[in-house]
Structure formats: structure tokens, C-alpha cells
Amino acid sequence: MSTLMERDQAVVANTYRRFPVEVTHGKGSLLWDTDGKRYIDMGSGIGVTAFGIADDAWQAAVTAQLAQVQHTSNLYYTEPCVALAERLCARTGMSRVFFGNSGAEANECAVKVARKYAAEHKGPEYNVIVTLENSFHGRTLTTLAATGQEHFHELFQPLTPGFCHTPANDIEALEALVAEQKVAGILLECVQGEGGVNSLTKAYVTAVAALCEREDIVLMIDEVQTGNGRTGRLFSYEYYRIQPDVVTTAKGLGGGLPLGAVLLSDKVKDVLGFGDHGSTFGGNPVCCAGAVNVLDRLDDDFLAEVRRKSVYVFNELIKAEGVRSVTGMGLMVGIETVRPAADVVAACRENGVLCLTAKHKVRLLPALNIPWDVLKEAVTVLKNACKEG
Ligand SMILES: *Cc1c(COP(=O)(O)O)cnc(C)c1O
């Protein structure tokens, strides 16, 4: 009898470098493998299981909807989809929401909104989308074009044309690009996740927002990873005191079920009309019921607790032996270590803590409700792993 790892390697596409852990089940921030070993989950499925594994309240919301109707298509109205859109609009000041199933699809939709808006307001030659170097926006051919990392592009040419990349935090470079290209929209992550957990400066984001306003460029914020409480605010752009035209989100929104959303401001809320866009699964009632539960629990007190946990993690790690720097916001943390990040992650795994990497850093994206004692246990293991070797 071959192991699960061997069976997977034989028949599942070889696109992931998986860690050698066969997960059977979990609860909250704990996971167990086929050998019965317990792990603390400091990655939450790459920032997806916002309230941990098999959370009771989330599970109740999902199973209640599952027993009613699991899918209708977008030809009919369902309560969870409307309830979720109402909440997202009320919490952000946005005007409409388009639902899809993933982050990449959310960004695809945003690009369509920006291009159609520009075509109608400035002319179809205004079709360039500007993104940042070192960004990550997804794996489809269009969102790969948006992703400012050449190594993702190499073997998949031609990508969708009309994308330009500019260095982060360099407003002169962006202004020069806008002066020479016919720009429809700018798409940014306030904290680059896959790129190494790097935050944009407040001065830069404020200047970008002013430039977009002045030039009537659609400002799109990619909150796929940073959204839904991850940074200690509902959305990370709130820290920058800007009001984007479009916000894309996914990952943590569904609490573990596939769900993406595109939030549209008043300015662009009617850009897409009948037949302009669609998704068979988008706004699925089971996924939306889970997301309503997630959003309703991300209240001010809860977000304040996320920020307190963040302060604890930053303070502990910044002074730890073997740690060069700590970056990020809220419970989205990048740690530059003296040892190679992969070695630190492997040592943590041996000792029952599952962490992620981002570029050359160790990355943490724990469940937002990780209990204090579990968090402290994980930080202790991580500090030991940073100092060894
Ligand atoms: C994960 C991620 C995406 C892609 O999301 P998928 O759901 O994998 O398509 C896009 N943008 C950012 C910032 C991400 O972190």
C-alpha cells in the first residue's frame, strides 16, 4: 500500500512543492496528520481559514445553507449573496459587488472594469494597466501579466498585452509612466504578500490616489491576501486613508470555501452591464453564507484583538536571536532570518508548527482568532528555530 504522498505524486499535477504532511483533520488553529502528530497552523491555508479549521459558528452557517440550497446559478436571487454584498458595501462605502470564486478572477474582473471605464471616458486607446514590480495578482494569463515578477512569465508568452510594471514607493517613476502611456488603471497590493510581505509607504499610496484622481485613472487595490481583517483592519487600504475605485478580495473572505469579490465604488458601479461579465459559481449561497459569518465577526473589538496579537508577535520576533527584520501588518508577518527561511520552516514543522515562506522570508498568516496560548507556543517554537544552526 503506497502512502498518500506517493499516490498524490502519481496522479495529481506536479505544480506544488508540498510539505511532507498528510493532513487528516483539524480544529481551530490545530491540525493533525495521518500519524496522529499535532501541528499549530500558522499559515491557515495561505490566509484562507480566517477563523481556523472547522470553526463551530462558521460551520453552522455553512451547513444550514447547505441544507437549504447549495447552488442556483446567477439566474435567480438568493439571500446569502445579497446579505454579503450589503455588508461589504456598508462596511466600506462601496456601491456594488461582483462575486467570483478566487483572487485571480476578482483581479480579472477589476481589469475589465478599468478598461471599459477608460474606453468610455477617455477612449479605447487608454487600456494600459500599471502594477508594481514584485507584485502578485494571480496565475491566469491576464493576472500573470499583472504580476510584476518576470520568472512567472517566461514560459507562457504571449500574456495579455497592455500591462506595465513600476517600482514600489517611487512616485516619480509612476508619474513618468502615466505621462508616456495611456493608462486605464493602477492595481496595487498595500502589503505585497507573495513578494515578501513588504508594505507600501503612506506617502506613496496617498500620492498614487491623488494621481489617479487627477488623471481619472481607476485605482484598484488588491486585498486578496490583506483583506477581511488580516492586517487588523477590515481592509488594509483603511490604514492609508484612501478611497479606492475598486477593491478585489478573496482568500479569507469565504473562511475556507472558494469565494472572490470585486467591490465597486459609485464611480464605476455601473461600468459592467448585462452580459459584460459572469461566473457560474460566483456568489454561491454556501460560500456566501460562510462569508457573512466571517464578516459579522470581524467587528471593532475583534480587529483590536488582532492588532494586539500582532504587536505581541512583532515584539517577540524583533528581539529574537537569528531574526534580521520583521515586516507586515496585523497577522500578516514576514520574518527575515539569518538561517535560510526553508530551514527555519522545516525546523518548525519538525517541532509541530506549520509556517509559510514568501521569497527569502518566513511568513506567518495564522487564523485571526488563534488563541493566545497557542500563539505563544508557536512563537516559542519559531524563535528556537530561528536561533538554531
Ligand atoms: C493569492 C493572491 C491572489 C490570487 O488568488 P487565487 O485565489 O489563488 O486566484 C491574487 N492577489 C494576491 C495579492 C494574492 O495574495
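Note that this is a predicted model, so its numbers are computed, not measured. First listed ligand is number 1; within each ligand, the first listed atom is number 1.
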### Query
For G103, is at least one N or O under 3.5 Å away from an N or O on ligand 1?
yes

### Task
Give me the ring orientation class for W32 and H25: parallel if the planes are under 30° apart, tilted from 30 to 60°, perpendicular past 60°.
parallel

#### Entry: Proximal ligand 1 atoms for N107, defined as those under 4.0 Å from one of its heavy atoms
10 (C), 11 (N)

### Message
Under 4.0 Å between a side-chain nitrogen and a carboxylate oxygen: does that hold for D216 and K122?
### Response
no

### Query
Counting only heavy atoms on the protein side, is anything nearer than 4.0 Å to atom 6 (P) of ligand 1?
yes

### Query
Can a salt bridge be assigned to the pair E377 and R38 using a cut-off of 4.0 Å between side-chain N and carboxylate O?
yes

### Message
Can a side-chain donor-acceptor contact be found between E194 and Q225 if the only test is distance below 3.5 angstrom?
### Response
yes

### Message
Among all protein heavy atoms in this structure, tell me which lies nearest to atom 11 (N) of ligand 1, with the distance rounded to 0.1 Å.
### Response
D222 OD2, 2.8 Å

### Query
For ligand 1, which atoms have a heavy atom of A104 less than 4.0 angstrom away?
4 (C), 5 (O), 6 (P), 9 (O)

### Query
So which bit of R139 gets within less than 4.0 Å of ligand 1, heavy atoms only: side chain, backbone, both or neither?
neither

### Message
For L368, run the side-chain contact (heavy atoms from CB on, under 4.5 Å) check against N228, T49, V306, V294 and tell me which one passes.
### Response
V306

### Query
Taking heavy atoms and a distance under 4.0 Å, where does T226 meet ligand 1: side chain, backbone, both or neither?
neither

### Per-atom contacts of ligand 1 with K251, taking only distances under 4.0 Å to non-hydrogen atoms
1 (C), 2 (C), 3 (C), 14 (C), 15 (O)

### Query
Under 4.0 Å from any heavy atom of E189, which atoms of ligand 1 are there?
13 (C)

### Task
Mark up the atoms of ligand 1 that fall under 4.0 Å of a heavy atom belonging to Q225, in ascending order.
15 (O)

## Note on the structure
Near H137 (heavy-atom distance under 4.0 Å), the atoms of ligand 1 are 10 (C), 11 (N)

### Query
C190 versus Y240: any side-chain heavy-atom pair under 4.5 Å?
yes

### Query
Are R241 and E238 ion-paired here, with the side-chain N under 4.0 Å from a carboxylate O?
no

### Summary
Atoms of ligand 1 under 4.0 Å from any heavy atom of S102, numbered from 1 in the order shown, are 7 (O), 9 (O)

### Query
With a 4.0 Å cut-off, would you call E175 and R214 a salt bridge?
yes

